[in-house]
There are 2 protein chains.
Amino acid sequence: MRLSYSLLLGLEVDGVLSERQKLILSAVVDNYIQSAEPIGSRSIAKRNDIGFSPATIRNEMADLEEMGFLIQPHTSAGRIPSNKGYRYYVDHLINPQGIKISKDVLNNIRKIFTEQFNEFEQVIEQTATILSEITNYTSIILGPEIFNTKLKHIQIIPLADNSIIVILVTNTGKVEHKTLTIPKGVSSDEIERLVNFLNSKLVGVPLYQLKSKIKSEIYQEFITNFNNYERSMAIIDQLFIDLDQDSDNKVYVGGATNILNQPEFNDLEIIKDIFSLFERTDEVKQLIKPNNKGIEVRIGTENNLETASNCSVITATYEVDGESIGTIGIFGPTRMNYSRVIRILEYLADDFTQFFTRLYK
Amino acid sequence: MRLSYSLLLGLEVDGVLSERQKLILSAVVDNYIQSAEPIGSRSIAKRNDIGFSPATIRNEMADLEEMGFLIQPHTSAGRIPSNKGYRYYVDHLINPQGIKISKDVLNNIRKIFTEQFNEFEQVIEQTATILSEITNYTSIILGPEIFNTKLKHIQIIPLADNSIIVILVTNTGKVEHKTLTIPKGVSSDEIERLVNFLNSKLVGVPLYQLKSKIKSEIYQEFITNFNNYERSMAIIDQLFIDLDQDSDNKVYVGGATNILNQPEFNDLEIIKDIFSLFERTDEVKQLIKPNNKGIEVRIGTENNLETASNCSVITATYEVDGESIGTIGIFGPTRMNYSRVIRILEYLADDFTQFFTRLYK
DNA sequence: ATTAGCACTCACTTAGTAAGAGTGCTAATA
DNA sequence: TATTAGCACTCTTACTAAGTGAGTGCTAAT
């Protein structure tokens with residue numbers, strides 16, 4: 001009776017597969033990514049780069065299943081990759097750098113950055129759209145992070161008797177504007193003095209530090225400089241009240257409907273779950289927030305999100321001065337074309353880094 | 001042999017139905033709106049406000065079908081309203097003013113406007129969300145129209161050596177900002193002079209007139225006032241290039257996933273069509289752009305949009321000084337709770353009008 | 001004018017059957 | 001010993017047939 005080769009050889013250590021097993025795992029994943037159908041031994045044997053009979057492949061597949069890399073949906077079906085299988089595939093079997101991205105696609109990407117108007121929100125929106133078009137998955141982009149964003153300027157424009165528009169400009173080119181209602185009896189002179197004071201004190205401070213800085217350093221000086229300081233403090237509190245929440249870096253989702261073209265999502269309940277996930281911005285942020293700089297791949301349950309348990313997320317960070325300031329992500333089924341998406345995100349993150357660096361300098 | 005009552009009586013004129021026919025049509029529509037199932041004569045007869053036997057009702061229904069108000073999905077099914085039936089129902093059989101909106105719902109609406117921060121984009125976003133929640137349909141809101149928006153102020157903030165942020169503030173409180181790259185060799189002095197000049201000339205001009213005004217009046221004075229006028233003109237052209245397109249009044253969509261809860265949209269192809277429609281902003285705008293002030297109901301094919309041919313759109317305009325400046329809309333199946341939605345939109349449009357009027361004055 | 005009665009239609013459900021893809025095991029082979 | 005051919009077995013999918021039930025239209029009675 002035949003025993004599992006790898007068990008016999010003591011090779012069941014995670015991550016160590018024979019060359020033939022790698023070849024077969026790779027074939028299964030490649031094929032499944034392309035067809036979305038379970039693949040059987042005969043089909044694999046037909047691939048010209050494999051010189052074994054279906055029977056041999058069946059044996060190896062049984063082993064790979066035993067080790068948890070493959071799954072059999074039902075007895076008489078072929079095999080599909082498990083999450084562990086995808087993980088191994090991504091970690092050991094692909095080489096994104098070897099992927100050729102077509103000229104057309106590259107041109108599409110470049111086009112984004114050569115537009116006359118470089119308002120960065122437009123750039124991000126357009127990127128979200130184009131990225132979803134060239135990948136056929138859903139793109140999710142996290143705007144420049146407040147964490148690395150510093151206040152550059154405060155500006156005030158009176159709008160009417162008792163309301164003003166306050167404009168906060170940051171070093172990344174982001175412009176925040178709010179309409180404030182001011183208490184009766186506050187003169188425009190007083191407002192102007194206040195703004196000048198704030199400008200002199202707060203320019204250059206990272207947004208997320210603004211409130212603590214105000215509390216620790218500004219209030220004191222305030223009391224000595226402004227006779228009616230309580231009123232002014234109320235205005236300031238209004239001004240910065242929701243600035244340090246990271247609800248501030250916007251999420252841009254593009255091509256959500258691409259999900260609908262994936263055969264694994266032809267179930268209405270699943271669709272409902274995913275689309276309503278997209279409407280819950282906070283969860284989307286959690287989903288694509290990376291742990292480190294560079295490319296990151298989270299497969300299925302690694303997303304820690306029930307709804308996305310058979311989805312994968314690939315993210316790339318973009319940077320200014322070596323500091324990651326935002327994330328570009330792709331959301332799709334675990335059955336995703338990992339190498340191509342990784343390659344495209346590498347390109348794009350690079351372009352984003354250049355773009356924001358140019359904007360910043 | 002029995003002939004159609006209305007034909008016998010010469011009453012087949014559009015819009016003229018006997019009281020009993022109205023009662024039955026009304027019953028069919030009401031019931032279908034609630035259940036999404038075709039309704040038969042027996043069920044209608046059971047309703048306590050109708051004192052006729054199923055047979056009589058069957059006869060009337062056959063007449064209503066002949067006249068095009070009802071449809072029979074197949075021989076042995078009950079009847080459902082046709083688009084013409086819905087139209088008659090909306091025009092003659094409902095009385096939205098009589099609808100009571102629950103305190104909870106009203107409070108939800110009021111809450112939107114009592115938030116501290118009245119930045120209007122936030123207000124609209126929140127409205128889109130809440131409106132979709134209280135109606136269980138999809139809400140589409142068209143932001144204040146550029147058409148009635150005038151330039152209030154131009155402001156410049158230098159961002160880096162060769163780029164500036166230009167901020168355009170409008171009378172509705174809208175703030176447009178763009179990052180511009182300026183040609184080498186243009187001094188900040190020159191920019192400032194330019195801005196002062198533009199401010200003195202263009203404040204108060206409706207945005208959609210900006211370009212023509214520049215062409216007709218400004219360029220001339222320009223040539224006399226600025227020695228290097230060609231360069232300045234290039235900057236101005238950059239500045240206003242996409243302002244007069246109405247791509248400018250943003251569309252806000254809320255609760256798109258509510259579509260998925262409607263039984264008539266349990267087909268993946270339809271879902272795909274509708275969601276990708278939502279991603280095509282321009283078409284969405286077309287869809288909810290009203291022809292007149294006030295409430296407007298477009299049923300099914302009246303939308304002139306294949307994809308939305310079994311959807312209805314109800315819109316309400318909001319105004320400042322009697323001028324309509326934007327639209328609040330509800331998108332749902334033709335089988336929509338018209339009276340309730342109309343009532344809610346009336347409330348909301350009123351609040352919007354008040355809100356923007358307050359902002360404007 | 002209205003209604004009871006009845007034959008008829010048609011979608012929907014359930015059960016049963018046949019086809020096909022793929023497997024695992026055994027025995028033969030290099 | 002590693003590989004492969006052969007074969008019985010499993011399980012999904014597609015298809016067909018029969019049965020059910022809701023609702024109709026027509027006829028005849030009230």
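Naming: A, B, ... by sequence-line order, numbering from 1 per chain.
A search for side-chain contact (heavy atoms from CB on, under 4.5 Å) contacts involving A/N291 returns A/E296, A/R298, not counting sequence neighbours. Listed by chain and residue number, B/R58 satisfy the side chain to side chain donor-acceptor pair (under 3.5 Å) test with B/S41 (two or more places apart in sequence, or in another chain). The side chain to side chain donor-acceptor pair (under 3.5 Å) test applied to A/N95 returns no partner, not counting sequence neighbours. In terms of the side chain to side chain donor-acceptor pair (under 3.5 Å) criterion, B/E133 has no residue partners (sequence neighbours excluded). In terms of the side chain to side chain donor-acceptor pair (under 3.5 Å) criterion, residue partners of A/D91 (sequence neighbours excluded) are, by chain and number, A/R87.
One can place CG of B/D63 at 10 Å from P of D/dG25, the figure rounded to the nearest angstrom. Per the geometry, CD1 belonging to A/I44 stands 17 Å off P belonging to C/dA21, to the nearest Å. Computed from coordinates, the A/N59 CG to C/dG22 P distance equals 17 Å when rounded to whole Å. Atom P of nucleotide C/dT2 and atom CD1 of B/I24 are separated by 10 Å, given to the nearest angstrom. The CD1 atom of B/I50 sits 13 Å away from the P atom of C/dT2 (whole-angstrom rounding). Protein atom CD of B/E37 is 14 Å distant from nucleotide atom C1' of D/dG21, rounded to whole Å. Distance A/E60 CD to D/dT4 C1': 14 Å, rounded to the nearest Å. In this structure, CZ of A/R20 is placed 8 Å from C1' of D/dA2, rounded to the nearest angstrom.
For the OP1/OP2 pair of C/dA4 and a distance below 4.0 Å, the side-chain nitrogens and oxygens of B/R42 include no atom meeting the criterion. Under 4.0 angstrom from either OP1 or OP2 of D/dT3 there lies no side-chain N or O belonging to A/T56.
Pairs passing the salt bridge (Lys or Arg N to Asp or Glu O under 4.0 Å) check and including a residue from residues 328-342 of chain A, sequence neighbours excluded, read A/E264-A/R335. Each salt bridge (Lys or Arg N to Asp or Glu O under 4.0 Å) pair with one or both residues in residues 30-42 of chain A, not counting sequence neighbours, would appear here, but there are none.
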For DNA chain D, what is the dot-bracket line, given that a base pair needs Watson-Crick (N1 to N3, plus N6-O4 or O6-N4) or G-U wobble (N1-O2 and O6-N3) geometry with both distances under 3.5 Å, and | means paired with another strand? ||||||||||||||||||||||||||||||

Please determine whether ring-ring contact (aromatic ring centres under 6.0 Å, His included) holds for the pair A/F331 and A/Y137, giving the CA-CA distance in whole Å, both sets of side-chain angles, and the decisive distance to 0.1 Å. CA-CA 6 Å; A/F331 179 96; A/Y137 301 118; 9.6 Å; no

Report all side-chain donor-acceptor pairs from residues 307-314 of chain A shorter than 3.5 Å, counting only partners two or more places apart or in another chain.
{"unit_1": "A/S309", "atom_1": "OG", "unit_2": "A/E306", "atom_2": "O", "d": "3.0"}
{"unit_1": "A/S312", "atom_1": "OG", "unit_2": "A/Y338", "atom_2": "OH", "d": "2.8"}

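Put simply, the side chain of B/K22 never gets that close to the backbone of B/V16: no donor and acceptor are under 3.5 Å apart. In this structure, B/Q21 contributes its side chain and B/S18 its backbone to a donor-acceptor pair below 3.5 Å. A donor-acceptor contact shorter than 3.5 Å is absent between the side chain of A/S43 and the backbone of A/I39.
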Every protein N/O lying under 3.5 Å from an N/O of nucleotides 14-16 of chain C:
none

Do any N or O atoms of the protein come closer than 3.5 Å to N or O atoms of nucleotides 6-9 of chain D, and which pairs are they?
{"unit_1": "D/dG6", "atom_1": "O6", "unit_2": "A/R58", "atom_2": "NH2", "d": "3.2"}

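For the segment residues 70-80 of chain A, the set of residues with a heavy atom within less than 4.0 Å of an atom of DNA chain C comprises A/Q72, A/T75, A/S76, A/A77, A/G78, A/R79, in numerical order.
Nearer to the 5' terminus of DNA chain C, by closest-nucleotide assignment, is the contact made by B/F52 (compared with the other of B/F52 and A/I39).
A cation-pi geometry, defined here as NZ or CZ lying under 6.0 Å from the six-membered ring centre and within 45° of its normal, holds between A/R343 and A/Y347.
For the pair A/I80/A/V28, no side-chain contact is recorded, criterion being any heavy-atom separation below 4.5 Å from C-beta on.
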